[in-house]
Amino acid sequence: MIANKTLKLSLKSLREFAKKRLTDEVLIDLDARDECPLEIVRHMCSPDKLGIQLLFIPEEFGGMGGGTFDVYCVCEEMARIDLGVATAVLATFLGSDPITVGATPQQKKLWLTRIAEEGLLFAYGATEPEAGSDLGALRTTAEPVSQDGRTIGYKITGNKQWISNGGVADAYTILASTPTGPSWFVVEKGAKGFTHDEPEDKHGIRLSNTAALALDNVYVDADRLLGGVEGQGLIQAQLVFGYTRLMVAAFGLGAGWAALDRAIPYSTKRIQAGAPLSEKQGYTHKLIVPNVARLEAARSYIEETAERIDAGEGSLNTEGAIAKYMATEAGNLAADASIQALGGYGYTHEYMVEKIKRDVRITTIYEGTSEIMEMTIARDRWQLHLKTRGQHYHEQAHKFEKLHASHPNWQRSWKRRGSRG
Ligand SMILES: Cc1cc2nc3c(=O)[nH]c(=O)nc-3n(C[C@H](O)[C@H](O)[C@H](O)COP(=O)(O)OP(=O)(O)OC[C@H]3O[C@@H](n4cnc5c(N)ncnc54)[C@H](O)[C@@H]3O)c2cc1C
């Protein structure tokens with residue numbers, strides 16, 4: 001975990017940098033031109049400049065060793081600035097996850113040190129044209145190359161779809177099937193047979209580069225197989241879902257607040273029928289208050305989950321899914337309501353809420369869609385219910401009863417409210 005003071009300083013530098021270099025005018029212009037500001041992304045990731053990546057690299061490899069809570073704070077702040085830039089910067093975190101959880105000590109030293117010292121940009125190559133929500137349908141293959149009865153390398157062939165930083169990364173983690181199952185490999189840009197397409201023309205996050213990748217017999221040495229053992233890829237991917245989903249949850253939270261940060265001040269200045277909109281309950285209680293409540297409820301769940309992951313309770317994949325589902329759906333609703341809150345102005349490019357609404361839309365799609373989150377949550381909780389022979393929900397109910405009993409004042413006030421009906 002990073003010291004509170006250091007984290008606050010990093011977030012402050014990030015805000016100040018954005019205030020100068022990523023003003024609304026600049027963001028609107030880049031969005032209209034559909035351009036990823038690569039120089040800015042590299043500045044944010046350079047160790048001698050903003051060095052955001054340093055926050056999540058372990059100290060032994062030259063980073064600051066940030067935990068899940070720190071990463072959540074950075075993701076929220078980045079999303080408040082721009083979700084496209086946030087995606088480009090944090091893609092390195094996602095891309096290096098298979099290394100962090102699955103690599104050998106030598107591989108970790110090599111790649112994580114290079115990210116820390118050289119500001120290497122990574123991309124995470126899991127999705128394929130035919131394998132999105134169902135990664136088991138993976139078609140990319142890694143064929144072993146043998147010499148004297150020993151595997152010296154692999155030839156990777158296949159296609160990857162919708163890869164963030166796909167056209168701009170320095171290195172890629174690629175999921176491919178070996179004869180013993182899916183495995184992660186590191187492939188560097190410029191490898192023979194490795195190409196990327198033009199950037200996708202997207203609905204939102206137009207400041208992030210998203211591109212398809214093609215691998216045609218791309219040779220990598222055996223030491224590019226992460227962990228050195230074939231067939232561990234899906235297990236390694238599962239190990240990080242808890243906190244990668246928290247990252248996207250924080251994106252939903254930050255983008256939702258970015259929209260409300262515009263709608264709320266607007267409502268205090270816009271006079272209709274002789275008074276500011278902020279004084280009209282039909283407005284605040286429909287367009288502002290429910291969104292603030294939903295976003296802050298999601299925040300408390302994100303924070304609790306982040307603290308539990310940092311305390312070593314495991315990867316908490318179900319809780320990560322709940323956090324992502326709550327926060328990203330809440331972020332979308334908040335951005336949509338913010339367009340409404342600005343009326344006709346909200347519907348134009350100039351007032352930003354329209355762009356934020358297009359940007360935040362991705363958060364219910366990437367890193368697992370909302371439907372996959374619903375399925376994951378229902379399945380995992382049902383299994384827990386069966387494994388505990390129905391005790392799980394009884395235990396939760398007892399916990400709440402105990403909490404309730406430990407606050408007699410609350411109890412009295414609830415009773416009073418109850419007696420009033
Ligand atoms: C801008 C952008 C950036 C991305 N960045 C990356 C990246 O860096 N790396 C990477 O690997 N991938 C990335 N992705 C891919 C993203 O993770 C996938 O698009 C996502 O997982 C969904 O897969 P799909 O698009 O194939 O949709 P599908 O899986 O085909 O789903 C289509 C629809 O069907 C629903 N559905 C699917 N299965 C079920 C089911 N079992 N039950 C109920 N409903 C279901 C889905 O919820 C969705 O609504 C990115 C995508 C985009 C658009």
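One-based numbering, in listed order, for ligands and for the atoms of each. Because the structure is a prediction, the values reported are computed rather than measured.
In this structure, Tyr154 has its ring center no closer than 6.0 Å to that of Tyr219.
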(message) What verdict does the ring pair (Phe, Tyr, Trp, His ring centres under 6.0 Å) test give for Phe185 and Tyr172, after you've listed the backbone C-alpha separation in whole Å, the side-chain angles of each residue and the deciding distance to 0.1 Å?
(response) CA-CA 8 Å; Phe185 294 88; Tyr172 300 72; over 10 Å; no

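Listed by chain and residue number, the protein contacts of ligand 1 are Tyr124, Ala126, Thr127, Gly132, Ser133, Trp162, Ile163, Ser164, Lys202, Ile205, Thr210, Ile362, Ile365, Tyr366, Glu367, Thr369, Glu371, Ile372, Met375 (heavy atom within 4.0 angstrom).
Considering all non-hydrogen atoms of both residues, Gly166 and Ala123 come closest at N-CB, 4.5 Å.
In this structure, Lys324 contributes its side chain and Ala250 its backbone to no donor-acceptor pair below 3.5 Å. A donor-acceptor distance shorter than 3.5 angstrom exists from the side chain of Asn317 to the backbone of Gly242, with no hydrogens or angles considered.
Phe93 pairs with exactly one of Phe122, Tyr124, Tyr243, Phe251 by the ring-ring contact (aromatic ring centres under 6.0 Å, His included) rule, that one being Tyr243.
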